[in-house]
Amino acid sequence: MFRHIALAIAAATIGGCQGLDFQTVLRDDHPYTISPLPGKCPSKYFPAHAGTSVVPSPPLQIHPLIVSGPSSNRVDLVFFSDGYTDEEQDKFIEDAARLAEDISGNQTFSTVRPLMNFWAAFSASKESGIGVGGVPKDTTYGLYRDGTELRGVYYDKPEVAGAACSSMGEQCDYPILLGNDPYYGGLGGQYTVITSSLANGPLVLRHELGHSIIDVGEEYDGGFAYFGPNAATDLSEPIPWTQWLSNPPKDGSTDTPRVERAVMPLQEYAWTLLNTSTSWSTTFISSGAYARHLVRFSLSGLPESKDLRVELDGLDLEWAPKVDIGLDRWHYDIHLNQTLAGGQHEVKFTLINAEREGVAQLCSVEIIEFGDETEFVSTPGHYGLYPTFSEKNETSYRPTNEDCLMRIVTSPNFCKACIEGLWLSLLKNVSLIDDIQESCEEHSGGWVKTLDLKLVPLAQFRADTMENKNEESYTITWWKDQKILPEFTNQTRLEIAGDDAVGTYAIGVKFATQEVRIDKEKLLSAGARYKVTRNCNAQGKEVHP
Ligand SMILES: *[C@@H]1O[C@H](CO)[C@@H](O)[C@H](O)[C@H]1NC(C)=O
Ligand SMILES: *[C@@H]1O[C@H](CO)[C@@H](O)[C@H](O)[C@H]1NC(C)=O
Ligand SMILES: *[C@@H]1O[C@H](CO)[C@@H](O)[C@H](O)[C@H]1NC(C)=O
Ligand SMILES: *[C@@H]1O[C@H](CO)[C@@H](O)[C@H](O)[C@H]1NC(C)=O
Ligand SMILES: *[C@@H]1O[C@H](CO)[C@@H](O)[C@H](O)[C@H]1NC(C)=O
Ligand SMILES: *[C@@H]1O[C@H](CO)[C@@H](O)[C@H](O)[C@H]1NC(C)=O
């Protein structure tokens with residue numbers, strides 16, 4: 001569920017972070033400057049259950065879904081099964097694989113996929129499906145809905161989930177509890193909870209991972225938490241996405257860009273079951289001063305257009321369900337390119353088909369009014385200051401109209417400000433250097449010492465067929481005993497005559513992508529030092545000098 005996310009996640013700091021085998025020096029142009037050993041810290045979440053009783057992990061069968069590198073240097077997402085019986089193990093793997101591919105194949109997390117791993121951890125539940133009416137079934141993590149309506153899905157056994165994730169060590173950074181249920185529902189926070197809903201599983205997963213990985217708040221109206229690289233709350237402060245503005249301020253100008261002209265006269269999270277005896281309706285007041293408006297609502301349990309009539313001031317808006325949505329929840333936008341007259345208006349939802357009583361639900365309804373295109377640029381790809389209205393109708397600002405899945409949950413992508421934040425967040429936990437391997441090789445002229453630099457597979461090392469991989473680059477610099485080795489610039493392999501190899505090498509790596517314009521903490525740089533202590537002799541054996 002999007003509205004009631006526990007956003008504050010206490011980061012557990014446990015012991016020292018694990019370092020790599022060689023000495024790496026991150027966040028610095030010059031690899032001779034020493035800073036603390038980097039490397040991935042233990043999971044952000046686990047073992048974080050100080051004070052709760054210790055339970056054993058359920059038995060887990062771990063299947064790799066998408067693996068880009070060693071867990072010690074990747075951000076690892078793990079799907080844990082709930083409500084899948086022994087016979088349903090294949091279904092669980094399929095559901096998890098579909099979700100992982102959906103969010104990282106060609107959209108959402110696709111460009112950062114080489115920094116992530118996805119795993120499926122199966123553990124059989126005694127019963128199939130998830131609980132309703134606040135009562136969990138006999139399942140591994142005890143997922144359940146509060147009532148029968150499609151909304152939040154909660155867990156009864158956080159300590160079991162904690163034990164399961166902890167048992168995987170650095171292979172589990174973001175635990176995702178996947179409930180075997182075909183309909184909308186979920187929860188954000190310490191454990192991301194989603195269902196196997198075809199329409200909504202990926203949608204909830206992307207949005208919740210946006211909160212937990214990028215550490216951003218909402219962009220939709222009616223929320224309570226707006227923060228991170230996609231939110232501005234005070235226009236006298238610098239705007240976090242200045243680097244992405246379509247009309248950047250002129251050099252030296254301190255004018256803030258204009259705010260796109262919009263207002264939200266109605267916002268209600270109704271979460272109400274509809275019946276045929278009485279329509280659900282509400283009223284709102286328009287100022288009459290905006291050229292266009294939008295009726296935005298979400299429904300569940302309404303598979304056919306003849307089930308429901310949606311009206312604005314008595315005018316049938318001719319709602320039609322998303323194709324094949326069945327009883328699942330979906331979001332609808334009806335844009336009306338005309339001015340709402342000043343004064344009171346009514347929006348009304350009438351259930352027509354009595355057979356849908358008990359499942360037909362109005363989840364949310366909102367009216368937004370906009371200026372014309374000269375006052376409010378609605379074009380996708382335009383970056384500016386768009387007002388967002390909180391549950392208390394307080395205004396904050398977002399970068400685009402509707403480009404981001406943190407606003408429009410049916411959109412599969414983040415906006416550029418969030419994507420930049422995503423790279424920076426992931427690179428806090430991933431070094432661009434995976435490994436350095438040393439060996440001796442016989443060449444025609446004799447033995448040579450080789451150092452092979454293994455980088456995270458970005459830019460030319462990408463295995464995927466990302467269209468714009470040419471827009472990424474690695475710049476690689478090698479030093480030996482503090483002297484630059486220009487002939488090896490941009491090479492991942494260093495070769496030095498076998499009897500002249502001993503010394504201290506340094507490697508500086510800089511990654512560039514068009515998706516990151518500002519990198520204050522130099523997260524797109526990495527450095528390493530490597531000591532070669534033996535030369536290669538004529539027989540190819542390692543010898544001390
Ligand atoms: C990522 O790095 C941050 C900062 O170094 C640390 O607080 C956090 O626990 C790390 N998270 C993971 C998942 O390793
Ligand atoms: C990604 O692939 C899916 C399934 O193949 C397809 O439906 C979707 O349109 C693709 N998205 C993009 C942005 O290409
Ligand atoms: C929010 O505030 C604006 C400006 O004061 C007002 O026009 C609008 O009707 C308010 N919306 C709600 C839902 O209260
Ligand atoms: C029918 O729906 C209306 C509007 O939501 C509500 O006020 C009323 O209590 C409902 N009636 C029953 C019998 O549930
Ligand atoms: C909306 O109405 C205006 C003014 O009548 C017109 O110029 C514009 O093309 C319309 N836009 C759309 C999307 O129909
Ligand atoms: C190394 O690669 C970077 C990034 O592609 C490029 O800008 C630079 O010119 C290259 N340097 C050399 C010496 O080829």
(message) As a quick check of understanding, evaluate ring pair (Phe, Tyr, Trp, His ring centres under 6.0 Å) for Y383 and W241, giving each step before the final call.
(response) CA-CA 9 Å; Y383 285 70; W241 59 92; 8.6 Å; no
(request) To the nearest 0.5 Å, tell me how far R113 CZ sits from T108 OG1. (result) 11.5 Å
Listing, residues 363-370 side-chain donor-acceptor contacts under 3.5 Å, not counting sequence neighbours, or none:
| unit_1 | atom_1 | unit_2 | atom_2 | d |
| --- | --- | --- | --- | --- |
| S364 | OG | S298 | OG | 2.7 |
| E369 | OE1 | S286 | OG | 2.8 |
| E369 | OE2 | S286 | OG | 3.3 |

(message) Distance check, rounded to the nearest 0.5 Å: L99 atom CG versus L203 atom CG?
(response) 11.0 Å
(request) Find out if the SG atoms belonging to C415 and C404 lie under 2.5 Å from one another. (result) no
(message) Can you list everything that forms a side chain to side chain donor-acceptor pair (under 3.5 Å) with S81? Sequence neighbours excluded, please.
(response) none
(message) Donor-acceptor pair, distance only, cut-off 3.5 Å: does the side chain of E357 make one with the backbone of T276?
(response) yes
(request) Assess the side chains of N230 and E219: does a donor N or O sit below 3.5 Å from an acceptor N or O? (result) yes
(request) Please work out whether the ring planes of Y386 and H382 are parallel, tilted or perpendicular, with thresholds of 30° and 60°. (result) perpendicular
(request) Would you mind reporting whether I176 and Y191 have side-chain heavy atoms less than 4.5 Å apart? (result) no
(message) Please report the interatomic distance NZ(K91) to OH(Y84), rounded to the nearest 0.5 Å.
(response) 4.5 Å
(request) Determine whether the side chains of T139 and S125 contain a donor N or O and an acceptor N or O closer than 3.5 Å. (result) no
(request) Find out whether N401 and E260 are in side-chain contact, i.e. whether some heavy atom of one side chain is under 4.5 Å from a heavy atom of the other. (result) no
(message) For R206, is there an ion pair with D102 - N to carboxylate O distance below 4.0 angstrom?
(response) yes
(request) Give a yes-or-no answer on whether the side chains of E268 and T282 include a donor-acceptor pair shorter than 3.5 Å. (result) yes
(message) Can you tell me how far apart OH (Y154) and CG (L187) are? Round to the nearest 0.5 Å.
(response) 6.5 Å
(request) Establish, from distance only, whether the side-chain atoms of N413 and S411 form a donor-acceptor pair under 3.5 Å. (result) no
(message) Take a 6.0 Å sphere around CG of D324 and say whether it holds more than 12 heavy atoms from other residues, nucleotides or ligands.
(response) no
(message) Please tell me whether E311 and S281 have a donor and an acceptor in their side chains that are separated by less than 3.5 angstrom.
(response) no
(message) How long is the straight-line distance from CZ of R261 back to OG1 of T374, given to the nearest 0.5 Å?
(response) 9.5 Å
(message) Taking side chain to side chain contact (heavy atoms under 4.5 Å, CB included) as the definition, give me every residue that meets it alongside K392, ordered by chain and number, with sequence neighbours left out.
(response) S390, E394
(request) Verify the neighbour count for atom CD of Q338: are there more than 12 heavy atoms of other residues, nucleotides or ligands below 6.0 Å? (result) yes
(request) May I ask you to check whether W119 and F79 place their ring centres under 6.0 Å from each other? (result) no
(message) Just by distance, no angles: are the side chains of T272 and Q361 close enough, under 3.5 Å, to form a donor-acceptor pair?
(response) no
(request) Answer yes when R309 and D316 have at least one side-chain N-carboxylate O distance shorter than 4.0 Å, and no when they do not. (result) no
(request) Any chance you could lay out the salt bridge (charged side-chain N to carboxylate O under 4.0 Å, His left out) test for D221 and R407, step after step, and finish with the verdict? (result) CA-CA 8 Å; D221 302 308; R407 175 168 180 84; 3.1 Å; yes
(message) Under the rule for side chain to side chain contact (heavy atoms under 4.5 Å, CB included), what residues qualify as partners of A124, not counting sequence neighbours?
(response) D86, F122
(request) Test R258 against E375 for salt bridge (charged side-chain N to carboxylate O under 4.0 Å, His left out), laying out the working first. (result) CA-CA 9 Å; R258 73 152 187 193; E375 300 167 317; over 6 Å; no
(message) Ring centres under 6.0 Å, that's the criterion: do Y155 and Y141 meet it?
(response) no
(request) Using modelled atom types only, decide if a donor and an acceptor are shared between the side chain of D82 and the backbone of L143 within a distance under 3.5 Å. (result) yes
(request) Establish, from distance only, whether the side-chain atoms of T111 and E515 form a donor-acceptor pair under 3.5 Å. (result) yes
(request) Give a yes-or-no answer on whether the side chains of E391 and Q267 include a donor-acceptor pair shorter than 3.5 Å. (result) no
(request) Just grab all the salt bridge (charged side-chain N to carboxylate O under 4.0 Å, His left out) pairs involving residues 175-192, residues at least two apart or on different chains. (result) R145-D181
(message) Looking only at the side chains, is there a donor atom on one of E218 and H211 sitting less than 3.5 Å from an acceptor on the other?
(response) yes
(request) Can you tell me which residue pairs pass the ring-ring contact (aromatic ring centres under 6.0 Å, His included) test with a partner in residues 392-421, sequence neighbours excluded? (result) F109-F414
(message) Would you say E88 and T85 are linked by a side-chain donor-acceptor pair, where the criterion is simply a distance under 3.5 Å?
(response) yes
(request) For the residue pair S305 and P321, establish whether any side-chain heavy-atom pair is separated by less than 4.5 Å. (result) yes
(message) Please report the interatomic distance CG(L302) to CG(L351), rounded to the nearest 0.5 Å.
(response) 6.5 Å
